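Here's the structure, in structure tokens; my notes come after.
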Amino acid sequence: KGSKENPPLLKKVMGGSATEEEKAKLAEYIRKMATLKPPEGDAASWKEKTHALVTAMEKNDLKALKTAANCKACHKVHK
């Protein structure tokens with residue numbers, strides 16, 4: 001979570017205001033998350049969701065990132 005003065009990293013990347021360093025940091029976080037086991041739910045679903053995030057970041061595809069970064073959809077089954 002962030003604040004108005006310091007928005008979340010994902011929001012900055014999707015909004016186009018992130019620096020290259022911030023984009024790299026988010027990509028690193030996403031790649032790391034993809035290697036973890038889900039706290040709850042199906043491992044195949046986790047792999048599918050995190051792979052979509054990794055791919056969107058690698059391709060710098062903001063539309064795909066916005067779709068893949070549906071926090072509620074992921075948290076509903078894995079948190």
Side-chain angles (χ1 to χ4, degrees):
K1 294 199 176 211
S3 64
K4 190 172 185 176
E5 298 80 31
N6 189 21
L9 194 52
L10 178 63
K11 190 171 185 175
K12 286 180 80 172
V13 170
M14 289 193 309
S17 66
T19 65
E20 290 302 314
E21 183 179 313
E22 290 171 323
K23 289 178 187 178
K25 184 179 261 189
L26 180 61
E28 178 185 340
Y29 292 159
I30 289 172
R31 284 192 302 273
K32 176 65 177 172
M33 185 174 66
T35 68
L36 303 174
K37 294 173 97 176
E40 291 184 16
D42 181 49
S45 169
W46 177 265
K47 184 175 180 177
E48 178 186 329
K49 290 177 185 327
T50 58
H51 178 71
L53 287 166
V54 170
T55 301
M57 283 300 298
E58 287 176 350
K59 293 182 177 181
N60 197 28
D61 185 342
L62 295 180
K63 184 176 179 183
L65 181 61
K66 185 174 183 177
T67 301
N70 180 339
C71 299
K72 186 174 181 177
C74 192
H75 285 190
K76 185 176 180 181
V77 293
H78 295 296
K79 186 174 181 187

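Starting from 1, each residue takes its place in the sequence as its number. Source: prediction; values computed, not measured.
The distance from the SG atom of Cys71 to the NZ atom of Lys79 is 9.5 Å, given to the nearest 0.5 Å. Distance check, rounded to the nearest 0.5 Å: CG of Asn6 to NZ of Lys11 gives 11.5 Å. Rounded to the nearest 0.5 Å, atoms CE (Met33) and SG (Cys74) are 6.0 Å apart. Note that CE of Met57 and CD of Glu28 are 11.0 Å apart. Values are rounded to the nearest 0.5 Å.
Between His51 and Leu53 the shortest side-chain heavy-atom distance does not fall below 4.5 Å. At a threshold of 4.5 Å between non-hydrogen side-chain atoms, the residues Val77 and Asp42 do not count as touching.
Within the 3.5 Å criterion, the main-chain N or O of Leu36 finds a donor-acceptor partner in the side chain of Trp46.
Pro7 and Lys12 make their closest contact through CG-CG, 3.5 Å (heavy atoms, listed as atom of the first residue, atom of the second, distance). His78 and Gly41 make their closest contact through ND1-CA, 4.0 Å (heavy atoms, listed as atom of the first residue, atom of the second, distance). Across all non-hydrogen atoms, the minimal contact from Ala69 to Leu10 is CB-CD2, 3.6 Å.
Applying the 6.0 Å contact sphere to CD of Glu22 captures more than 12 heavy atoms from other residues, nucleotides or ligands.
Shown here are the side chain to side chain contact (heavy atoms under 4.5 Å, CB included) partners of Thr35, two or more places apart in sequence or in another chain: Lys32. Considering only residues two or more places apart in sequence or on other chains, Ala34 meets the side chain to side chain contact (heavy atoms under 4.5 Å, CB included) condition with Thr50, Val54.
Applying the salt bridge (Lys or Arg N to Asp or Glu O under 4.0 Å) test to residues at least two apart or on different chains, none of the pairs has a partner in residues 49-69.
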Notebook entry, point to check: Are Lys23 and Glu20 close enough, and set up right, to give a salt bridge (charged side-chain N to carboxylate O under 4.0 Å, His left out), and what steps lead you there?
Noted result: CA-CA 5 Å; Lys23 289 178 187 178; Glu20 290 302 314; 3.4 Å; yes
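One hydrophobic cluster, built from ILVMFWY side chains closer than 4.5 Å, holds both Tyr29 and Leu62.
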